[in-house]
Amino acid sequence: MKTLTTANQRKWNWLLTGAAILFAALAVVVCLLLRPKAGSLDRFVIHYGENETLTVPAWETRTVVIRDGALADAATGEGEENVIRIGNGEAWMEHANCPHGECMKQGRLNETTVASRPLGTWIVCAPHRVYVEYLGENG
């Protein structure tokens, strides 16, 4: 087996260090390119209760629970309850204990689905008076 001389060992150490730095820089660049636009104005506005609204940026990952016309900390299945999920630029009604559950059947609301949805930029739970509205950059 061949042993490395001190000069060759130093050369390999510099090459490995340079490769590690290059890999780290490449990882940073990829992360910066894949993140959502910082200036994006896309957002979801949740209407509930007596003229209450909650605005959530479209790229934020969040679960919103509305029970009996007010924000709640967690879903319990009691009262008039809606669970709205927001993530990766889309929102959907994950759970609702309304009589027919039509709001859950309306699917995911996002920038690309608004043109093909019957209710356009809205998810509506009429019995509980909960509405999710998508507002793009121009909205």
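- Side chains of I46 and I86 form a contact here, defined as non-hydrogen atoms less than 4.5 Å apart.
- R10 meets the side-chain hydrogen bond (donor to acceptor under 3.5 Å, both in side chains) test with no other residue; sequence neighbours excluded.
- The ring pair (Phe, Tyr, Trp, His ring centres under 6.0 Å) test applied to Y48 returns no partner, not counting sequence neighbours.
- In this structure, V83 shares a hydrophobic cluster with V65, the cluster being traced through Ile, Leu, Val, Met, Phe, Trp and Tyr side chains under 4.5 angstrom apart.
- In this structure, M93 and M104 approach most closely via the heavy-atom pair O-CG, 3.5 Å.
- Under the side-chain hydrogen bond (donor to acceptor under 3.5 Å, both in side chains) criterion, T53 pairs with no residue, sequence neighbours left out.
- The two atoms that bring G79 and N97 nearest to each other are O-ND2, 2.7 Å, heavy atoms only.
- Nearest approach of L109 to T121, heavy atoms of both residues: CD2-O, 3.5 Å.
- Not counting sequence neighbours, the partners of R62 by the salt bridge (Lys or Arg N to Asp or Glu O under 4.0 Å) test are E60.
- Between R108 and T113 there is no side-chain heavy-atom pair separated by less than 4.5 Å.
- With contacts defined as side-chain heavy-atom distances shorter than 4.5 Å, the pair I66/L71 qualifies.
- Among residues at least two apart or in separate chains, there is no ring pair (Phe, Tyr, Trp, His ring centres under 6.0 Å) pair with a member in residues 92-112.
- Residues meeting the ring pair (Phe, Tyr, Trp, His ring centres under 6.0 Å) test with H47, sequence neighbours left out: W122.
- Judged as a side chain to side chain contact (heavy atoms under 4.5 Å, CB included), and not counting sequence neighbours, the contacts of P127 are C98, P99, C125.
- L54 and Y134 end up in the same hydrophobic cluster when Ile, Leu, Val, Met, Phe, Trp and Tyr side chains are linked at under 4.5 Å.
- Applying the side-chain hydrogen bond (donor to acceptor under 3.5 Å, both in side chains) test to T17 and every residue at least two apart in sequence or in another chain returns nothing.
- The side-chain heavy atoms of I84 and I123, taken from C-beta on, include no pair separated by under 4.5 Å.
- A side chain to side chain donor-acceptor pair (under 3.5 Å) check over residues 64-74, counting only residues at least two apart or in different chains, returns the pairs R67-T76, R67-E81.
- Residues satisfying the side-chain hydrogen bond (donor to acceptor under 3.5 Å, both in side chains) criterion with E111, sequence neighbours excluded, are absent altogether.
- Qualifying salt bridge (Lys or Arg N to Asp or Glu O under 4.0 Å) partners for E102, counting only residues two or more places apart in sequence or in other chains: K105.
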